[in-house]
Amino acid sequence: VVAATNARVRDASEEGPASTEPTTAPQPTTAPQLSVEVTVPPDDAPHDEHLKVSEWTDIVAIACTDYDTIGLKSDGTVVHTGYHAYPELSGWSDITVIGGGSYIAAAMNRAGIFYSSHDSARSETMKGAVAIDVSTGYALGLRPDGTVINTAVENEWKDIIAISAGSPGFMGLDVNGQIFAHWFSERDEIDFTDVSKAVAVAVGGTHSAVLLEDGTVIARGENENGEC
């Protein structure tokens with residue numbers, strides 16, 4: 001999600017909570033546990049009757065979950081289409097930022113209040129974030145001072161300008177183009193310590209990617225489908 005992963009903040013002063021180092025955490029943390037089961041839609045799910053993206057107008061930002069598309073309208077309301085009902089979205093208003101990951105939809109309103117379609121990613125600590133991203137069981141927020149909010153684990157990152165959340169872990173990028181990462185399992189760790197001059201990061205399910213200032217991309221991790 002462009003709005004969530006590539007937002008830029010200029011200054012950094014406040015010190016955040018403690019925990020991770022660039023670009024891999026020394027002590028892997030167990031992935032957050034969910035209280036619900038994720039249901040994969042069957043092949044014959046009636047998707048066609050809900051596909052109305054082509055009819056949307058006045059959209060200023062978009063996001064996707066695994067089986068849904070979410071749109072932010074210029075009036076601050078949110079629309080969506082796909083497999084999940086997401087009844088909460090109809091009550092969201094004055095929204096300025098949206099995000100999506102796994103089966104969770106999320107948003108932030110003009111007053112800095114964070115909304116999530118599922119309890120596992122809801123947190124009062126997200127209030128005031130200028131960029132958000134969500135994944136299985138947790139939410140990630142970027143504060144105006146460049147520190148990072150994470151509802152799953154603590155971190156002490158500073159001067160961050162971009163964030164990305166994924167099921168295996170999360171990544172951040174600071175003002176100097178240095179990459180930070182925290183992985184929930186040693187099995188999922190991807191090493192980007194040799195990479196510099198980055199301008200964007202993105203975490204996938206089994207691989208991750210980094211955009212460099214010269215316009216080239218480095219992708220690492222599993223490559224069974226040619227994703228790297």
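In this structure the side chain of Ser208 reaches within 4.5 angstrom of the side chain of Trp183, judged on heavy atoms. Looking only at side-chain heavy atoms (C-beta outward), Val195 and Arg220 come within less than 4.5 Å of each other. Within the 4.5 Å cutoff, no side-chain heavy atoms of Val203 are placed close to those of Ile190. Residues Val153 and His182 have side chains in contact (heavy-atom distance under 4.5 Å, counting atoms from C-beta outward). The shortest side-chain heavy-atom distance between Phe170 and Asp133 does not fall under the 4.5 Å cut-off. At least one side-chain heavy atom of Val79 sits under 4.5 Å from a side-chain heavy atom of Lys73. In this structure, the side chains of Ile70 and Ile62 stay at 4.5 Å or more apart for every pair of heavy atoms. Here the side chains of His118 and Val134 are not in contact, with every heavy-atom distance at 4.5 Å or above.
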Exercise for the section: Mind running side-chain contact (heavy atoms from CB on, under 4.5 Å) on Tyr115 and Ile95 for me, showing each step along the way? Expected result: CA-CA 9 Å; Tyr115 297 92; Ile95 301 299; 3.9 Å; yes
Exercise for the section: Could you go through the side-chain contact (heavy atoms from CB on, under 4.5 Å) check for Ile160 and Thr147 one step at a time? Expected result: CA-CA 6 Å; Ile160 301 300; Thr147 57; over 6 Å; no
Practice task
Let me see the working for Trp92 and Tyr86 under ring-ring contact (aromatic ring centres under 6.0 Å, His included), right down to the final yes or no.
Solution key: CA-CA 11 Å; Trp92 296 356; Tyr86 291 142; 8.3 Å; no
Exercise for the section: Might you work through the side-chain contact (heavy atoms from CB on, under 4.5 Å) test for Leu142 and Val148, ending with a clear yes or no? Expected result: CA-CA 5 Å; Leu142 180 61; Val148 175; 4.2 Å; yes
Handout entry: Gln178 and Leu173: CA distance, side-chain angles, deciding distance, side-chain contact (heavy atoms from CB on, under 4.5 Å) verdict
Key = CA-CA 6 Å; Gln178 182 181 11; Leu173 177 69; 5.9 Å; no
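Summarising the geometry of Thr151 relative to Ala139, their closest heavy-atom pair is OG1-N, 2.8 Å, with the distance given to 0.1 Å. Smallest separation of non-hydrogen atoms from Gly100 and Ala63: N-CB, 3.8 Å. Between Leu72 and Ile98, the shortest heavy-atom contact is N-CD1, 3.7 Å. Between Val97 and Val130, the shortest heavy-atom contact is CG2-O, 3.9 Å. Considering all non-hydrogen atoms of both residues, Gly172 and Trp157 come closest at N-CZ3, 3.5 Å. Contact between Ala129 and Met108 at its shortest, heavy atoms only, is CB-CE, 3.5 Å.
The ring of Tyr138 has its center closer than 6.0 angstrom to the ring center of Phe184.
Of the inter-residue distances, the one linking Ile218 atom CD1 with Asp194 atom CG reads 7.0 Å to the nearest 0.5 angstrom. Atom-to-atom distance recorded for Ile179:CD1 and Met171:CE is 5.0 Å, nearest 0.5 angstrom. Going from atom NZ of Lys197 over to atom CD of Glu213 covers 5.5 Å, rounded to the nearest 0.5 Å. A distance of 9.5 Å separates NE2 of His80 from CD of Glu88, quoted to the nearest 0.5 Å. Between the NE2 atom of His207 and the CG atom of Asn223 there is a distance of 8.5 Å, given to the nearest 0.5 Å.
Looking only at distances, no side-chain donor or acceptor of Asn150 sits under 3.5 Å from a matching main-chain atom of Glu154. Put simply, the side chain of Glu227 gets close to the backbone of Asn225: a donor and an acceptor are under 3.5 Å apart. Formation of a donor-acceptor pair under 3.5 Å by the Ser102 side chain with backbone atoms of Ile104 is not found in this model. With hydrogens and angles disregarded, no donor-acceptor distance shorter than 3.5 Å links the side chain of Thr125 to the backbone of Ile149. Panel note: side chain Ser135, backbone Gly101; no donor-acceptor pair is recorded below 3.5 Å. Although no hydrogens or angles enter the test, the distance criterion places no donor-acceptor pair under 3.5 Å between the side chain of Asp159 and the main chain of Val175.
Just one residue in the list Asp66, Asp68, Thr65 forms a side chain to side chain donor-acceptor pair (under 3.5 Å) with His84, and that residue is Asp68.
Considering only residues two or more places apart in sequence or on other chains, Leu211 meets the side-chain contact (heavy atoms from CB on, under 4.5 Å) condition with Val199, Ala200, Val217. Partners of Ser93 under the side-chain contact (heavy atoms from CB on, under 4.5 Å) rule, at least two apart in sequence or in another chain, do not exist in this structure. Asp188 is linked by a side-chain contact (heavy atoms from CB on, under 4.5 Å) to Pro168, Ser185, counting only residues two or more places apart in sequence or in another chain.
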